[in-house]
2 protein chains.
Amino acid sequence: MKRTSRDIRTANRYEVLRQIIAESPTSRQELAAATGLSLATVATLVGELLDLHMITEVGFEESAGGRPRGLVAVNASGGALIGVDIAETYVHVELFDLGLNVLARAEEDVRPGESLPEQVVAHVAAAVGSVVTQAGIEGARVLGVGVSVPGQVDRATGISEYAPNWDWHDVPLVDLLSEYIAYPLYLDNPLRAVAVAELWFGAARGSQNAVVVTLGTGVGAGLVLGGGLHRGVSNSAGEWGHNTIVLDGRLCRCGNHGCVETYVGAPGIMLNLRELSPDSELLHPGDQTATIDALARGMLTGDPVAVEVVRHTARYLGASVAHLVNLFNPEVVVLSSWVAAALGEPLVAEVREAVARHALPRPMAATEIVLSPIPTDPACLGAATFALEGALQSVGQRSATKRTTSARSSTHNPR
Amino acid sequence: MKRTSRDIRTANRYEVLRQIIAESPTSRQELAAATGLSLATVATLVGELLDLHMITEVGFEESAGGRPRGLVAVNASGGALIGVDIAETYVHVELFDLGLNVLARAEEDVRPGESLPEQVVAHVAAAVGSVVTQAGIEGARVLGVGVSVPGQVDRATGISEYAPNWDWHDVPLVDLLSEYIAYPLYLDNPLRAVAVAELWFGAARGSQNAVVVTLGTGVGAGLVLGGGLHRGVSNSAGEWGHNTIVLDGRLCRCGNHGCVETYVGAPGIMLNLRELSPDSELLHPGDQTATIDALARGMLTGDPVAVEVVRHTARYLGASVAHLVNLFNPEVVVLSSWVAAALGEPLVAEVREAVARHALPRPMAATEIVLSPIPTDPACLGAATFALEGALQSVGQRSATKRTTSARSSTHNPR
DNA sequence: GGACTTTATAAAGCCCCTTTCCTAACCCCT
DNA sequence: AGGGGTTAGGAAAGGGGCTTTATAAAGTCC
């Protein structure tokens, strides 16, 4: 809301760490060049991160006549981050080191009828416990746990205000989780998690304006505007999946007709296939993943039905993505999440063409449409990134009273 | 791009002046409360504005035991601002005092076939000269001239990159105008002009997130995100009018089919009327203004055809505005420009209902949909506001070298 | 006229970032 | 081996901003 010089510091801190993670090891000089900051500022920020043991000095660069550059790298063992991706049918948890490499994974299935908050929380707690023991990490090193839950969330209070798939209303998810999980918790929804993952580590890195299109069972758009996530007034911006693309079109689970999601979400794609070729062997009724995978294979082998289904899907997707291009004029549109990953470049190529047909030429010329380069579950990565952001946020805090340098942290600290 | 503490200062300067213009006279105390700034900061900013003669001290408030509050007010005669709204068929120019009251108006018709850049520039020059003499202002008091021209513009270089209505390509409009006009010139397009007018003086005042929907011959959406205008990477964000709302729908002048504009722009509304009632007496072929006005009157008298046309239009408008609500999650959606002004509250009521049918309940609940309160041509006002912003921007600039306070401008400088 | 209250300005402190200066560290050459 | 030349990195100074605290100014009330 109110901007202060501290926000600049925080943004710079993010930027420097992001750069180090992206290119490790690196030198202060390179960081200054990459971020546009002065050498002095970079040096102090690097110093901060060294103090936090998030990075370490790892030797020197070869020199050709002059003092060699000191190199810093992510201190992979300096801490761990956990990302939790809660979805309709599963809970997926990954534990990352500070280089955002996956150290451990756990997955729990959420069966229909197990969707009470307490049940889901139990799954999450079990999976989190599992990854921590798997990785053999001492608890104190976990900097935080990011949790992505579908629907509308209030990140300040940690409440899941509304989760459409389970009809949750105002579930105090963070409170429930904190009974089992002692680490700092950060809550948001998958749209924003995926967007922040792309912003830090994916195709949106360095962009001031980007749109991250999530294509999964549900679909949505994470908005990166002015270098940061746009949340809207009640943290529900980006609900692109329920925009009407066909007036009086297919019935959507949201109750409306003709939503984008009903044509380009995984169930929508299955329906596209069924309408085109009702008894195609590509169709695996009731199994989205299998069907999408079959389509992907079909694309590669040139199966005409698969090609036609993807083209048909890309037609809707193109018109809808063109909306985003016209409205935001972004540098890049990233197609992310599992459907995009499965269908891959062939889909992107079709989408590019379709968008070009619908968008205005000028904004279109300024926009790249690319596939996400993130190989793992982007929602997990993004959730972990929220935890990383959280850990960095509290760095700048003044330490309590000024005369006595007493402790202000939650633990005792007899200095 | 890169944020610095100076940007904070500029934003605060804007905010304080905005507040003074909105509520004049006012005290430093009130300003501090309204802006959330400390009294000291407000005092220095007020001091700056006093030095610029943009505001003046106008006495004191009644006191009940204590030093009375000094009151400041806009110094209406402290300068003048000119807004130029170039449209397909006319050039509209208004001269404002610093309270943004209209002191003089001029309008020139642009006939078909008069659309060469030189001809349009001549119209603008004539009208600008006219308002200056009408208002009896000495030239030195004009702080700047804002120019709104349709299409895509590069505000830094002052080039109209592309104007679809006249097929202009890369016309150096500011260079051409500066032959005739000695004041500082600021160029942008009407979408953004209208948005900035609403942001400073209209229904979006104080909002962090707002969408300003411009309904005229063309339509578009100005995006206010994080308290400032969102421009996109090539200054063409907000082209909502050419989003596809009906696949394979009506042919648009942009070459595509089914654009929003073709259903809710003035020509689109005429077409809606014609389709519904081909020989209605409401229809004035070839005259958009007359037709829209006739519809407005019809709404008031309960003419069933008019009611049905507006309802029909609101249906498309509702679905399209719902896109904006879902995507941005704004605090307020403002309907602005002449079609909205003409059809007024009855239109807004229909739109509210239609949007509610298409948007998700949560974002919808957080969003108000309102009519613009700006009585005059918002593009003119917005253009003038660009000039005002420009005048304020250059306040903070350091004056040249520090030892000798000599000039450092582009002119010769023998140091 | 003094006491109390409220406003406005001045001073000091803190947080940023940058520029400048100086020392450290390394290469190469003599 | 010992001096230049060159580049890195840190410390200090400087400029901009905002806030809190102290002080001066301008009223009202008794």
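Every value quoted in this text rests on a predicted model; they were computed, and no experiment measured them. Order of the sequence lines fixes the chain letters, A, B, ..., with proteins taken first and strands second; residue numbering starts at 1 for each chain. Heavy atoms only: backbone and side chains are in, while hydrogens, waters and symmetry mates are out.
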Mind running a 4.0 Å heavy-atom check of residues 14-27 of chain A against DNA chain D and sending the residues that fall below it, in number order? none
Across all chains, not counting sequence neighbours, the side-chain contact (heavy atoms from CB on, under 4.5 Å) partners of A:Glu15 are A:Arg18, A:Thr35
What pairs with A:Arg141 under side-chain contact (heavy atoms from CB on, under 4.5 Å), at least two apart in sequence or on another chain? A:Ser77, A:Ile137, A:Glu138
So how far is it from A:Thr4 OG1 to A:Arg9 CZ, rounded to the nearest 0.5 Å? 12.0 Å
If we fit an axis to the first five pairs and another to the last five of the helix from C:dG1-D:dC30 to C:dT30-D:dA1, what angle do they make, to the nearest 10°? 30°
Write down the distance between CZ (B:Arg6) and P (D:dG16), rounded to a whole number of angstrom. 6 Å
Only counting residues at least two apart or in another chain, list the ones meeting side-chain contact (heavy atoms from CB on, under 4.5 Å) with A:Ala366. A:Asn329, B:Val233, B:Ser234
Nearest-angstrom distance from the residue atom CG of B:Asp7 to P of C:dC15: 21 Å
Taking only residues at least two apart or on different chains, which pairs with a member in residues 24-39 of chain A satisfy salt bridge (Lys or Arg N to Asp or Glu O under 4.0 Å)? A:Arg28-A:Glu57
Quick one: list whatever passes side chain to side chain donor-acceptor pair (under 3.5 Å) with B:Asp7, sequence neighbours left out. none
Give a yes or no on whether A:Glu61 atom CD has more than 12 heavy-atom contacts from other residues, nucleotides or ligands under 6.0 Å away. yes
Across all chains, not counting sequence neighbours, the side chain to side chain donor-acceptor pair (under 3.5 Å) partners of B:Thr385 are none
Taking side chain to side chain donor-acceptor pair (under 3.5 Å) as the definition, give me every residue that meets it alongside B:Ser5, ordered by chain and number, with sequence neighbours left out. none
Output every pair passing ring pair (Phe, Tyr, Trp, His ring centres under 6.0 Å) with a member in residues 3-50 of chain A, not counting sequence neighbours, ordered by first then second residue. A:Tyr14-A:Trp200
Distances for protein N or O near nucleotides 18-26 of chain D N or O, under 3.5 Å:
residue	atom	partner	partner atom	Å
D:dC18	OP1	B:Asn12	ND2	2.6
D:dC18	OP2	B:Arg9	NH1	2.4
D:dT19	OP2	B:Ser38	N	3.1
D:dT19	OP2	B:Ser38	OG	2.8
D:dT19	OP2	B:Thr41	OG1	2.7
D:dA25	N3	B:Arg67	NH1	3.4

note: B:Leu71, atom CG; D:dG27, atom C1'; distance rounded to Å ~ 14 Å
How many Å lie between CZ on A:Phe60 and P on C:dA24, as a whole number? 15 Å
Across all chains, not counting sequence neighbours, the side chain to side chain donor-acceptor pair (under 3.5 Å) partners of B:Glu331 are none
Whole-Å distance between C:dC27 P and A:Arg69 CZ? 15 Å
Just the rounded figure in Å: distance from P of C:dA25 to CD of A:Glu61. 18 Å
